[in-house]
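Because the structure is predicted, anything quoted here is derived from the model rather than measured.
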Amino acid sequence: MLILSGPTAAGKNTVGRMLAQRRARCAVVDFDAVRAMFVQPHRAPWQGSEGHAQHLLGVDLVCRLAAGFAGAGWEVIVLDVLTPETAALYRATLQRFAPCIVQLLPTFAELDVRFRTRGPCLTDAEFAQVYRDQQQFNDYDLRVDNTALTPNAVADRIVSLL
């Protein structure tokens, strides 16, 4: 099982889906898809106790989906922006599947270009804070600076970890 982390626009979705397409039987479990199910009220993880509670519930649900796929014989790629707390939850909950955490972390300048191209989903301050948090995050098995790497090159580098 592979968990791809990194800030918004780091390439998690692109690389994750590219990796999955290379495999015979692989599911991508995207935390953002689960998070989108929180409709009223919807809170970001940093928006008080409700945001934190939704974030932890989302991780629990992602783990349940990932474990369900893995238990049925599927390879699994999880996509999420990890924190020390959520990384510990993923590792503990999915321990029997030996999850490997890979963080994609391009430079801030490159990430900013990607972020602006895809359309903002965070304020500039939130975007900068998420990047700083990811720079400080260290509970990964591999960190990849994908500033100058194509998604294919990143996939080539980490495919053996799946």
Would you sort out whether V59 and Q54 count as a side-chain contact (heavy atoms from CB on, under 4.5 Å), showing the intermediate values? CA-CA 9 Å; V59 169; Q54 287 180 19; over 6 Å; no

Verdict with supporting geometry, R157 and N152, side-chain hydrogen bond (donor to acceptor under 3.5 Å, both in side chains): CA-CA 9 Å; R157 182 177 287 185; N152 266 322; over 6 Å; no

Step by step, work out the side-chain contact (heavy atoms from CB on, under 4.5 Å) result for E85 and L56. CA-CA 9 Å; E85 180 181 26; L56 295 181; 3.8 Å; yes

Working note: Q47 + H55, criterion side-chain hydrogen bond (donor to acceptor under 3.5 Å, both in side chains); need CA distance, chi angles, decisive distance, verdict. CA-CA 10 Å; Q47 292 180 318; H55 196 189; over 6 Å; no

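A donor atom on one side chain and an acceptor atom on the other are not found under 3.5 Å apart for H42 and E50. Side-chain contact of D80 with Y90: a donor-acceptor pair under 3.5 Å is present, judged by distance alone.
No continuous path of hydrophobic side-chain contacts links M1 to L161 [ILVMFWY only; heavy atoms under 4.5 Å]. Transitive grouping of hydrophobic side chains (ILVMFWY, heavy atoms separated by less than 4.5 Å) brings V62 and L65 into a common cluster. Cluster annotation: F137 is not connected to W46 through the hydrophobic network of ILVMFWY side chains, with a link wherever side-chain heavy atoms come within less than 4.5 Å. Note on I77 and V81: separate hydrophobic clusters, where clusters join Ile, Leu, Val, Met, Phe, Trp and Tyr whose side-chain heavy atoms are under 4.5 Å apart, directly or indirectly. Using a 4.5 Å cut-off between side-chain heavy atoms of Ile, Leu, Val, Met, Phe, Trp and Tyr, with links allowed through other members, F31 and V29 fall into the same hydrophobic cluster.
Here the side chains of I3 and Y140 are not in contact, with every heavy-atom distance at 4.5 Å or above. Using a 4.5 Å heavy-atom cutoff, the side chains of F38 and R43 are not in contact. Contact check for Q21 versus C26: no side-chain heavy atoms found under the 4.5 Å cut-off. For the pair V102 and S5, the minimum side-chain heavy-atom distance is 4.5 Å or more. The shortest distance between side-chain heavy atoms of V15 and L104 falls below 4.5 Å. Here the side chains of Q136 and P84 are not in contact, with every heavy-atom distance at 4.5 Å or above. A heavy-atom distance below 4.5 Å is not found between the side chains of P45 and H52.
Minimum interatomic distance between N146 and A10 (heavy atoms only, all atoms of both residues): ND2-O, 2.7 Å. Summarising the geometry of P7 relative to K12, their closest heavy-atom pair is O-NZ, 2.9 Å, with the distance given to 0.1 Å. Of all non-hydrogen atoms in A67 and R96, the two that sit nearest each other are CB-NH2, 3.7 Å. Nearest heavy atoms, R132 versus Q129: NH2-OE1, 2.8 Å. P106 approaches R114 most closely through the heavy-atom pair CG-NH1, 3.8 Å.
With a 6.0 Å radius and a threshold of 12 heavy atoms from other residues, nucleotides or ligands, Y131 has its OH atom above the threshold.
L82 contributes atom CG, which lies 7.0 Å from atom CD of Q134 (distance to the nearest 0.5 angstrom). We find the CE-CG distance between M37 and L57 to be 11.0 Å, quoted to the nearest 0.5 Å. To the nearest 0.5 Å, atom CD of residue E110 and atom CG of residue L105 are 11.5 Å apart. Atom CD in Q135 sits 7.5 Å away from atom CZ in R143 (nearest 0.5 Å). Interatomic distance, CG of L89 versus CG of L94, reported as 10.0 Å (0.5 Å rounding).
Looking at D141 and R91, a side-chain N of the basic residue comes within less than 4.0 Å of a carboxylate O on the acidic one, giving a salt bridge. Under a 4.0 Å N-O distance rule, the pair R116/D124 qualifies as a salt bridge. E75 has a carboxylate O that lies under 4.0 Å from a charged side-chain N of R23, or vice versa, which qualifies the two as a salt bridge.
Among L79, I158, V76, V78, the single residue meeting the side-chain contact (heavy atoms from CB on, under 4.5 Å) criterion with L2 is I158.
Aromatic pair F127/F108: centroids less than 6.0 angstrom apart.
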